[in-house]
Amino acid sequence: MTSINLTFPDNSVKSFPCGITAAEIANEISQSLAKKAVSANFNGTHWDLSWPITCDGQIKINTMSDEPVALELIRHSMAHIMARAVQEIWPETKVTIGPVIDNGWYYDFDRAQPFTPDDLSKIEDKMKKIIALREPIRSEIWARKAAIAHYTANHEPYKIELVEAIPEDSPVRMYWHGDWQDLCRGPHLSNTGQVPADGFALEKVAGAYWRGNSQNPMLQRIYGIAFRNRKQLKSHLHMLAEAQKRDHRRVGVQMNLFHFQEEAPGMVFWHPDGWTLYRTLRDYMARQQTRSGYVEVQTPAVLERSLWEESGHWEKFRENMFLVEIDNPQHDDQAKCNALKPMNCPGHVQIYNKIQKSYRDLPFRMAEFGACSRYEPSGALHGLMRTRGFVQDDAHIFCTEAQIETETASFIDMLSQIYADLGFTEFVVKFADRPAKRAGADDVWTRAEKALISATEAAGCDYKLNPGEGAFYGPKLEFVLTDAIGRDWQCGTLQVDFVLPERLGATYVGRDGAKHRPVMLHRAILGSFERFIGILIENYEGKFPFWLAPLQVVVTTITSQADGFANDVTKQLNSLGLRAKVDLRNEKINYKIREHSVAKVPVILAVGEKEVQENTVSVRRLGEKSVTQVDLDTLKSQLIEEAKPPDLR
RNA sequence: GCCGCAGUAGCUCAGUGGUAGAGCGCACCCUUGGUAAGGGUGAGGUCGGGAGUUCAAUCCUCCCCUGCGGCACCA
């Protein structure tokens, strides 16, 4: 028998008989390791303890203390245990796939009857019984034909499709625990008893297309979460509940910022306080853009079909456009068809074409807070995050190819500053290259992709590749920021476009006196005001920094004898540009403090007899229990300073 | 758009085959209270829309709309 040499993490090399398993190796090292072992890493592959090793390589034995590996195994084996439970309860159910995801797993089933919440607890109970059996999990490599024959006999059509999709040079691996069998690339735990019976929960049922394709039948997906123990599961559930409290849809209603209603799905009704927040943010953005050399414009909301045909939107984007046929009540004259703008770019090119002619004017940066309408699929709508009517902080930079690099760099600077001002210090950059459905020739795409990559690298920006996710007219950078509870949001974007200037006939006169084609950079920082405000609400949990807070100060009275003074203080604050309101209601001070705290007002000023006499106010800040009595003039100058937006400090 | 679930007062939600209830909020009255809910009285609902079954529908059935959780989509 031949032998193989295996290198361990401490760089020691040992010789073993060819075909030895990681379980046997662990056993040779020590009994306790053999007990604790759950899997191995072999030459960079996650390796089942039971798989034979037949060549030299690096090996590491994993135990339950190797957290990421342990969780992966637990969740993967959970998926199998759940599928078995489902098939034991409802044998007619067809199994498909069941991968590990963040915090848990899912498994997709084909079954005529929908799963109910009751069914979920039945499945959970069955899973616990299976776990209690502590049955070994074993695997075999089968011939492709044998596997197909097996699944044909067992009426598992999805599994046949999966076997057929396995590349010729990859093994077809079958797993068992008890009598239950599944096709799986592994690895798994070696015993069903190793998963924590109290560390998992079935979360929800949802529809999901077979193989993620909307042409395929819809399956039923059951999601589960699993951790190493009950404590970790509990803390995860607690975190979910906390995240739910921040939901901008809930906070938005509580704080009376906006609402939606049936007659306008996906369109926001901004209430006074929400609109104050919106305007504060918009004015800040306008100042930042002016400072960065942009000019602001405004273009029509409704444009004729012919222009959308020229721009390419009619062909690539029509399904998402609201059409307007007021000029054409019979719907018989296609030329009279108009559409609400889903993007601002074609309008901006019209302005460029009227006013720009010379290379001396480039780069020309044209910004618009453009109100766009897109007919989003009904299932995509989600509060402020995904709407059908929204305003972009949109701009197009018309420049030469040579200017892409410096424009990209200064854009990234501007974006970083703005994100930091708004409370987001961390963001990642993704580079999205050409999609399958696109306009423009391949060599143009190659040029655009190269230009954007080298500009990004020159700006000293790390990026991840996001293949095939570019816009139909060009590659793009996506800026994804991370909020206070670690969730990711794609907001900013920078897109290089060689196509649209060509289609809409944009030119400039070069130094040589000839006409040239400018490049367009489409860019946004917030993305849409609606979405960004949704993110701000969730990030701050509605407790906005003073400069953004819709209502900054409430002046409230302790006795009605202070009414006059309270009115006067409020008036003084308002005249300084602070957003202050007075509360003279006939309620106890406790009651009023509670109410304004719940409403997340950053500063509550209480005035009673004492304050009236001394010309002071008692200040209570949101989140603090302490109260300080402050001279009115001192407080005013403090608040004026705090109310300044970050760019004016 | 697809699968599943839901829609009852401004908000959160309970409830029933015989046309409805709570808490909060709102209005009014009493209370003038020193930093997270003082007490009382009252107003407020075509039970998402339409059709059907029934003597009778908020409740059962079907269709539609909207929302929620996913999937697909995010140009």
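Lettering follows sequence order; numbering is per chain, from 1.
- Not less than 6.0 angstrom separates the ring centroid of Phe258(A) from the ring centroid of His271(A).
- Figure legend. U46(B) is base-paired to no nucleotide; pairs are counted as Watson-Crick or G-U wobble with both atom distances under 3.5 Å.
- Residue side chain Tyr209(A) reaches the base of G1(B) through a donor-acceptor N/O pair under 3.5 Å, judged by distance alone.
- A sub-4.0 Å separation between OP1 or OP2 of G69(B) and a side-chain N or O of Arg249(A) is present.
- Within 4.0 Å (heavy atoms only), Pro377(A) reaches at least one base atom of the nucleic acid.
- Counting to the nearest Å, the C1' atom of G4(B) and the CZ atom of Arg111(A) are 13 Å from each other.
- Among the protein residues, Ala606(A) comes within range of the nucleic acid bases, having at least one heavy atom under 4.0 Å from a base atom.
- Residue Lys204(A) is classed as a sugar-phosphate contact, given heavy-atom separations below 4.0 Å to backbone atoms only.
- For Leu381(A), whose side chain is taken as the heavy atoms from C-beta onward, the closest listed nucleotide among G34(B), G70(B), G67(B) is G67(B).
- The side chain of Lys588(A) contributes no N or O atom lying less than 4.0 Å from OP1 or OP2 of G38(B).
- When each of Lys476(A) and Gly212(A) is assigned the nucleotide of RNA chain B with its nearest heavy atom, Gly212(A) is the one assigned upstream, toward the 5' end.
- Across the C1' atoms, G50(B) and C55(B) are found 23 Å apart, a figure rounded to whole Å.
- Residue Glu624(A) is out of contact with every strand shown, counting any heavy-atom pair closer than 4.0 Å.
- Between G70(B), G34(B), U32(B), one nucleotide has an atom nearer to the side chain of Thr559(A) than all others, and that is U32(B).
- For the pair Arg211(A) CZ and C3(B) P, the computed distance is 22 Å after rounding to whole Å.
- If you check every strand for non-hydrogen atoms under 4.0 Å, Glu263(A) touches nothing.
- In this structure, Glu587(A) places its CD atom 13 Å from C1' of G40(B), rounding to the nearest Å.
- No contact: Gln254(A) has no heavy atom under 4.0 Å from any strand.
- In this structure, His396(A) has its ring center at least 6.0 angstrom away from the ring center of Tyr352(A).
- A side-chain donor-acceptor contact under 3.5 Å links Gln552(A) to the backbone of Phe546(A).
- Following rounding to the nearest Å, Trp210(A) (CH2) and C71(B) (P) show an atom-to-atom distance of 17 Å.
- Counting atom types as modelled, Gln629(A) pairs no side-chain N or O with a base atom of G34(B) as donor and acceptor under 3.5 Å.
- Residue-level contact check: Thr556(A) touches neither bases nor backbone, having no heavy atom under 4.0 Å from any strand.
- Contact annotation: His382(A) side-chain N/O to G69(B) OP1/OP2 distance is under 4.0 Å.
- A14(B) sits 16 Å from G23(B) when the P atoms are compared, rounded to a whole Å.
- Put simply, Tyr223(A) has a side-chain N or O that comes within less than 4.0 Å of OP1 or OP2 on C71(B).
- A donor-acceptor pair under 3.5 Å is absent between the side-chain atoms of Glu530(A) and the main chain of Leu384(A), judged by distance alone.
- Side-chain N/O atoms of Asn590(A) include one lying less than 4.0 angstrom from OP1 or OP2 on A36(B).
- Nearest to the side-chain atoms of Arg221(A) among the listed nucleotides G48(B), C71(B), U35(B) stands C71(B).
- Per the geometry, CG belonging to Asn216(A) stands 14 Å off P belonging to C3(B), to the nearest Å.
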May I have the step-by-step check of ring pair (Phe, Tyr, Trp, His ring centres under 6.0 Å) for Phe529(A) and Trp270(A), ending in yes or no?
CA-CA 12 Å; Phe529(A) 281 91; Trp270(A) 285 106; 9.5 Å; no

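- Base pairing of U32(B): no nucleotide in any strand meets the Watson-Crick or G-U wobble criterion (both distances under 3.5 Å).
- When rounded to the nearest whole Å, the span between CG of Leu240(A) and C1' of G69(B) equals 13 Å.
- Taking 4.0 angstrom as the limit, Tyr591(A) places none of its side-chain polar atoms (N or O) nearer than this to OP1 or OP2 of G39(B).
- Rounded to a whole angstrom, the distance from the C1' atom of A36(B) to that of G40(B) is 23 Å.
- Rounded to the nearest Å, the gap between the P atom of A57(B) and that of G17(B) is 15 Å.
- Using a 4.0 Å cut-off, no side-chain N or O of Ser214(A) falls inside it from OP1 or OP2 of G1(B).
- Between the C1' atoms of A43(B) and C24(B), the separation comes to 16 Å (whole Å).
- The base of A36(B) is paired with the side chain of Arg620(A) by a donor and an acceptor separated by under 3.5 Å.
- Listed for the Lys581(A) side chain is no donor-acceptor partner under 3.5 Å among the backbone atoms of Val555(A).
- At whole-Å resolution of the value, CZ in Phe390(A) and P in C74(B) are 14 Å apart.
- Rounded to a whole Å, the CG atom of Asn103(A) is 13 Å from the P atom of G70(B).
- Between Phe532(A) and Phe424(A), the gap from one ring centroid to the other is short of 6.0 Å.
- In this structure, Arg585(A) does not reach the C28(B) phosphate: none of its side-chain N or O atoms is under 4.0 Å from OP1 or OP2.
- In this structure, the side chain of Asp393(A) engages the main chain of Gly527(A) through a donor-acceptor pair within 3.5 Å.
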